[in-house]
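First the proteins, then the strands, lettered A, B, ... as listed; each starts at 1. Hydrogens, waters and symmetry mates are skipped; everything else that's a heavy atom, side chains included, is used.
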Amino acid sequence: MLWPVNKRGNARKLARRSRRGLYVLCALFGLSVPLSLHAEEPSEEAHQECEPPAWLTGDEPAFSFESALGPIEYRAGRGMRIGDTGLNIGGFSTFEFDREENGAGQRELDSVSFLLLWEPHPRFRAFAEVDLDSLYTYDTKESESRSNPQHTLERVYGELRLVDAASLRIGKFQTPIGRWNLVPAEPFVWTASSPIVVEEAFDQHQTGAAVLGSVHRTEGTLRYWVYGQATDPIDASEDPPAADSGVGGRLQWDDPLGRWSIGGSYLAARTGGDWSHLGGADAALRFGPLELTSELTLVRGDGPVRDVWGAYLQGVLDVVYGFHLVARYEYFDPVADDDVSLLDAGVAWTPLPWLRLKADYRISTRETDFVTRGLNTSISIVF
Amino acid sequence: MRRLDLVILVALLLGLAAGKAAAEGLAVVVHPSRPLELRLEELSRIYLKQQRFWPNGDPILPINHQARSTTRKRFERAVFGSRPGSLADYWNREYFRGVLPPATLASGEAVRRFVASEPRAIGYLPAELVDDTLHVAARLPAPAAGPAWAPTDRFGPAFAAAPQSRLSVTAWEIPIGKLNHDATATDLVSMSSEVHQSCQSRIWRRRLRIKRGGFRPRGSLPISTGHCDNRQS
């Protein structure tokens, strides 16, 4: 008789324990919800501990002090802000080491560029890029060094921002053709060499006026540039000769998530009385750590120098810790029967936001005046 | 026994409540006089300085938290969904074009105070810091664990715009160069106890890890409150 009673008692105890165990499990689950939401915190903290000091990455000022103009502070890679004047002074520089397949090579401190920004009001800014060129070159084959410092006003303009859809820019500015030429400087690109078509097919700068803006929609953003050059270009290049005048435009459509973008450009330019017409199309695609960029440029005109077409496709893979794998295929046809194909492949490493090291090797179907095969390396800093 | 059950049930409810609070994530805030509902792509454009003006033509003054703060990292993950480093690349390229990143303030309290007093400003805060002095223009969900570069569901139901409020127009007055400096000085005192608690918690966790023989990065600094000063949200 006792056995069934004990069994019932045990069963009740078991039921109570089970219910309590269930409550405990539920409580642990409930408590684990906030814990799991913060589950990444330890790894984030560990990541923070691995990060270099904030002053070294430019996240915080490397130094700052009070002055009569207000606080003056310098951030690595972001320049020096001069108090409350709206003035910011910074720049960038690149040291290059090149070794061609024919044995020629050089070490070169090509230029130091200073970026001067004055933004006294959110609707107006003045901007200038001043380059100190040809500072130092050492020819490894001839064992001789050269230095012929000179300054160039690469860009200088004032910009009036009326609304997002319309800004007026007057001065010397980058020619808005394709992707590369919008930001062509060494520290901001992924290879130590530039695509031939960008260097040879058109003038990199315009001296004149531009109206530009962005129209934002839920489906994406439409950007446009309309510009013209009517005056003699400031500090223009002589080889190839810069255009005397021109008029052009660009349209670009960006996906709202930043996954893809397409654009088209047109430029009519007059050089020594000859007119040339440039048409271009470009696209960018980002998929996770992979970024693809492509440009196609076609120039037709009366002058033989301007009768060219070319294209490139570049892929950049963000591997880990700022380490990128880069490959670019180019095709360039300066005149009929004189075409060349090139392949650049290499690596780029950005250990700090203001420091980029690059090494890429270029092979081509043949060598020309503007195409060399071999290794190009560079160390770029932004200050 | 019943008391024990009650304690367990209370723990369960508290846990769920805490979970709900943590799941509220971040609130994007503007001055209460600005009736705005912002979508995620608008936030992205504003904080990338691609959209510079409010619909009424006022300049937008986006305010960031310090780069190392957890709030900033959560915001960037929710809005940009980008791989670490890609934003740095973006700002490098913008630097070449003469565009600098948004101004930063030293603490959530500084952001709250500044946005509450500046009609052109926009900021973001942990949802629990929002009060009646601010208008919530959008809510960002707490980020899910996973690879930092995974695309976020930018148009998903978790992203909800806030109710409407009023609109006002003001002229440009405050020089951007003054923001960081002033706010840092003002808020150091008021935030000191919060910072201390945050540091103590981190130091405790780190001690525990080291004691267990866990992660100790190469070149890490010795445990000190000074090492912690840059990391509060």
Which pairs pass salt bridge (Lys or Arg N to Asp or Glu O under 4.0 Å) with one or both residues in residues 348-358 of chain A, sequence neighbours excluded? A/Glu186-A/Lys358, A/Arg356-B/Asp89
So, for [X] and [Y], which heavy atoms are closest and what is the spacing to 0.1 Å?
| X | Y | answer |
| --- | --- | --- |
| A/Asn88 | B/Tyr95 | ND2-CE1, 4.1 Å |
| A/Arg123 | B/Phe53 | NH1-CE2, 3.1 Å |
| B/Glu41 | A/Pro256 | CB-CB, 4.1 Å |

Lys NZ or Arg CZ of A/Arg155 over B/Phe96 ring: under 6.0 Å, within 45°: yes
Counting only heavy atoms closer than 4.5 Å, note whether [X] contacts chain B via side chain, backbone, both or neither.
| X | value |
| --- | --- |
| A/Val183 | both |
| A/Glu159 | neither |
| A/Thr85 | neither |
| A/Phe173 | neither |
| A/Gln174 | side chain |
| A/Phe287 | neither |
| A/Leu116 | neither |
| A/Trp190 | side chain |
| A/Pro187 | neither |

Does the side chain of [X] reach to within under 4.5 Å of the side chain of [Y], using non-hydrogen atoms?
| X | Y | value |
| --- | --- | --- |
| A/Glu60 | B/Gln66 | yes |
| B/Gln51 | A/Thr221 | no |
| B/Pro101 | A/Arg78 | yes |
| A/Phe92 | B/Asn92 | no |

From CG (B/Leu100) to CD (A/Glu119), nearest 0.5 Å: 7.0 Å
Distance col, row A/Asp164:CG vs B/Ile60:CD1, nearest 0.5 angstrom, shows 6.5 Å
With no hydrogens and no angle check, do the side chains of B/Arg68 and A/Thr57 hold a donor and an acceptor under 3.5 Å apart? yes
Residue selection (most heavy-atom pairs with chain A, distance under 4.5 Å) from B/Arg45, B/Glu94, B/Gln50, B/Arg93: B/Arg45
Around A/Trp260, counting heavy atoms of other residues, nucleotides and ligands shown, do more than 12 lie under 6.0 Å from its CH2? yes
Please indicate whether A/Trp55 has more than 12 foreign heavy atoms, meaning atoms of other residues, nucleotides or ligands, lying under 6.0 Å from its CH2. no
Of A/Gly70, A/Gly77, A/Ala128, the largest count of non-hydrogen pairs under 4.5 angstrom with chain B goes to A/Gly77
